[in-house]
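Right, one structure below, let's go through it.
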Amino acid sequence: MKTDAVYVPSMFLIAETEMTIDLTALDMIPRSFLTTYKDMLRKGDLDLPLLPEVASQILQMAAADSGNATAFSDLIHRDQALAGQVLRVANSSTFARRGNIVSLKQAVTRLGLDLLSDIAMTSILGTSVFQVSTFKPMVRYTWRHALAAGTFSKEIARNIRRNVESSFLCGLLHSIGKPLALNAIQNLEQTAGVNLDRHATIALVESTHQQAGEQVALKWRLPPAIRVAIGHYKDYSSATEFRNEATITYLACRFADLLLNPEAHDEAEIREDPVHAELNLYPDDVSKLLDMRERILVVVDSLDAGAV
Amino acid sequence: MRRFDILIIGSGPAGQNAAIQGAKSGRSVALVEKERNLGGASVHHGTIPSKTLRENALQMQGLKRHADTFQFALKKDIPISAMMKNLDAVLKAHVDYMTQQLSDCGVIAIHGRARFVGDHRLEVMSIDGSIEQVEAKYIVIATGSRPQDPHQIPVDHENIFDSDSILSLIYLPRTMAVLGGGAIACEYASIFSVLGTRVTIIDQGPKPMDFLDDALIDEFVSEFEQNGGRYLGDQRIESVHLNGIGHVVTNLSSGSSMVNEKMLFALGRVANLDSLSLKNVGLEPTMQGFLEVDQYCRTTVPHIYAVGDVSGPPALAASAMEQGRRAVCHACGHETSTPPENIPIGIYAIPELSSIGLSEAQAREHYGEVLVGIALFAEVARAQIAGASGGFLKMVCHPTNLRLLGVQIAGEGATELIHLGEMGLMHHSTAHFFIEGVFNFPTLAEAYREAALSIVNQAKQKSRD
């Protein structure tokens, strides 16, 4: 049997088929740019932008004034950035007396949908909307992959009787560092008057997104399991706490890869991944999970409703 | 192909004890377990995790009680993970000990799923899908049970849990409905209630745990309600569904409806027999889904034994252990004692409940006007010192010869205290035995003397009348 694997995501490669993740492209980035960028990462001084269509949906819901609780609850469960913003505000000092919020459903119950709706509105006002023109396929892929990973995480957790809500959040937010990093790079390009090569941008996002995600998770007081999933989803065996969450996220990412890019991934190889033994998933359990692909794709496609 | 004298399927309390007994009898023994770790549902989903949470709930209750005295306040919304912080250490210690003990005895542990492919032959599929065939002279089925999967209630382990998934919760819900009035339902309901969740138990019966003495049931309901819980008896579930934000809506046949953040479905368990291909050896479960066994735990196929939950009630870890030993002793040709007449029942609810022998009602049915002595813990010095003055010990004795017929205890330490009553029953003791014995002072066990004194006094009064 193989030893613990390290997950190498190929989402950028897949999202833009002409692109490959070329880490040597990092050498093309000016040293001063890198220094400033790394300083931003270290401080966790990063902004999480919303997708334009999500911002638009929130505004529409607010304008409708019909208080469609179900639709709003559904939206925060589908969108990586909105989910992150809701947890950030819910765990901020303003609401700290209500206790730690570790799941979106808990946030809905503790804070109420009206308040969450206000939080979403505030997050629109206080947050930029993604400038997706250049990296549109990559950004869209990241969003879709996050939702697929969250949904697969749920099903894996259900199967092995681990917490479903927490696993979902870990899957949904594992790659939250990617939009954070990309947005920071784009902003820095503008302020520094630098125009990075696309390969260099992608390589920089790929090589720094976990650090970006972990820093923001810490700064926003996101549940510790999410921080561990962000930092260890590629190498779950290195997680010293919340190892189950990291392991489930790893497997969910592999399933999400296969779901969104079946041609680029070897199903047989994924079925033989030693992670299944770690989670005590027998071959028929794995088959049942993979049989959910069609249903999960419908969930992921629903994110595109009203897309730009 | 590997061959063994005895092969045991399942490593819960029954399987472990069967394996150790077999190894100590000098037989070659293999133990097949489908999970990564040994111990079964009892260790990993039930007994140990729930007792850990219960212990921490009691500590929290104690802290709250003393908050004014010591001038501190507890944080709101303490996550369940904090309550279970020591669980991993407890489980690891237990699993390590068990694994070492089995290994020291020479038991071969096999990780995989087993199914019968011949009279003495099993096929074991390992986690990577590879197949191995093993043979054994004797086979012991100890695969335990799992929560029933109801068709009409959508148990999703996210909003609606069963007893195997309820402890995956990471935050305390504000409200919870518990379906069922059995021991597992009442244990979890009372624990969550003490932790601060508003819990409603919904059941068909007028009272929960109707297999217990009425006094124990009344004490449970009273304390449960004092802690904010509610028992809704004589109810039938019409439907259960999730509303738009994932809260659980329960419609009752009475026409009323309630919305709770979470639900625990705890209405019975089913034996884990469906993946064993029992037909290949001519075995078939009963209508109730169990395997029929004789007094030696032998199924209708003489070389195959069934122990623990797969053989039906009482489905207690203690009796499962005894069955495991007895089955293997019989297989090894050792002399086997008859099954014990009385098995203690321990319910780790808040309050803790324990019972052995006959309840008052059962004793009256058999022996007429039995004598009943009750010692309130409020009158026992040790309970007062510990601040655990709720609860009682009830002793039921024969009306004429004062022979002990049963003991019922509610309150802290009930499951430990009951063993003194068990010894009394085993040795056919009378109430005098508990008066003549010397008890440490102060102890909760003094309650036995108080109850026995009451019985002896009643007997004297009766003889004077």
Side-chain angles (χ1 to χ4, degrees), chain A residues 1-2 67-74 76-77 96-110 112-113 116 154-155 157-169 223-225 241-245 271-287, chain B residues 33-37 41 44-46 49 73-82 84-85 88 111-113 124-131 146-147 155-175 196 242-248 259-262 275:
Chain A
M1 185 170 279
K2 292 178 194 173
N68 189 341
T70 306
F72 182 69
S73 172
D74 189 41
I76 62 171
H77 279 86
R97 65 189 168 80
R98 299 176 197 228
N100 287 338
I101 301 294
V102 292
S103 100
L104 293 172
K105 276 200 177 123
Q106 188 192 19
V108 169
T109 304
R110 299 291 188 275
L113 277 163
L116 282 182
K154 247 182 156 175
E155 299 305 332
R158 225 190 287 281
N159 200 291
I160 59 172
R161 307 291 189 265
R162 293 284 166 176
N163 187 271
V164 174
E165 292 175 68
S166 170
S167 300
F168 169 72
L169 268 181
E241 52 173 358
F242 300 104
R243 181 166 164 146
N244 268 305
E245 283 81 352
R271 282 179 181 274
E272 285 175 13
D273 194 311
V275 72
H276 303 306
E278 172 90 9
L279 295 170
N280 207 51
L281 291 169
Y282 285 80
D284 58 326
D285 298 323
V286 176
S287 293
Chain B
E33 171 55 55
K34 66 176 182 168
E35 300 295 333
R36 286 187 78 193
N37 292 311
H44 297 284
H45 298 295
L74 291 177
K75 275 170 68 177
K76 274 187 178 179
D77 268 345
I78 297 174
I80 293 192
S81 53
M84 305 289 277
K85 220 159 197 173
D88 284 348
H111 179 196
R113 286 178 181 161
V124 181
M125 183 175 73
S126 79
I127 192 77
D128 63 3
S130 59
I131 302 284
R146 64 181 184 278
V155 176
D156 60 2
H157 311 290
E158 181 180 359
N159 307 291
I160 304 174
F161 295 81
D162 62 26
S163 54
D164 276 2
S165 61
I166 186 68
L167 292 180
S168 73
L169 273 173
I170 50 171
Y171 60 90
L172 275 177
R174 295 267 163 93
T175 55
L242 301 180
N243 67 14
I245 55 170
H247 287 174
V248 187
V259 179
N260 285 281
E261 219 176 298
K262 303 288 178 194
S275 62

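Values in this document were obtained by computation on a predicted structure and should not be read as measured data. Protein chains get the first letters and strands the later ones, always in sequence-line order, with residue 1 at the start of each.
Heavy-atom distances place the side chain of B:Glu261, and not its backbone, under 4.5 Å from chain A.
At distances below 3.5 Å, at least one donor-acceptor pair connects side-chain atoms of A:Arg158 with backbone N or O atoms of B:Asp156.
The side chain to side chain donor-acceptor pair (under 3.5 Å) test with B:Tyr171 singles out one residue from A:Gln106, A:Glu165, A:Lys105, and that residue is A:Glu165.
Comparing A:Leu104, A:Val102, A:Val286, A:Thr109 by heavy-atom pairs within less than 4.5 Å of chain B, the highest count is held by A:Thr109. Comparing B:Lys34, B:His45, B:His247 by how many heavy-atom pairs each has under 4.5 Å with chain A, the most go to B:Lys34. For the set B:Asn159, B:Asp164, B:Asn243, the entry with the most heavy-atom pairs within less than 4.5 Å of chain A is B:Asn159.
In this structure, CG in A:Asn244 is found 11.0 Å from OG in B:Ser168, a value given to the nearest 0.5 Å. Separation of atoms CD1 (A:Ile160) and CD (B:Glu35) is listed at 10.0 Å; rounding is to 0.5 Å.
When side chains are defined from C-beta on, B:Ser165 counts as touching A:Arg161, because their heavy atoms get closer than 4.5 Å.
Taking all atoms of both residues into account, the shortest heavy-atom contact from A:Asn163 to B:Leu169 is ND2-CA, 3.6 Å. Considering every non-hydrogen atom in both B:Ile245 and A:Val108, the closest pair reads CD1-CG1, 3.9 Å. Residues A:Pro283 and B:Met125 come closest through the heavy atom pair CD-CE, 4.3 Å.
By the 4.0 Å N-to-carboxylate-O rule, B:Arg113 lies close enough to A:Asp285 to be salt-bridged with it.
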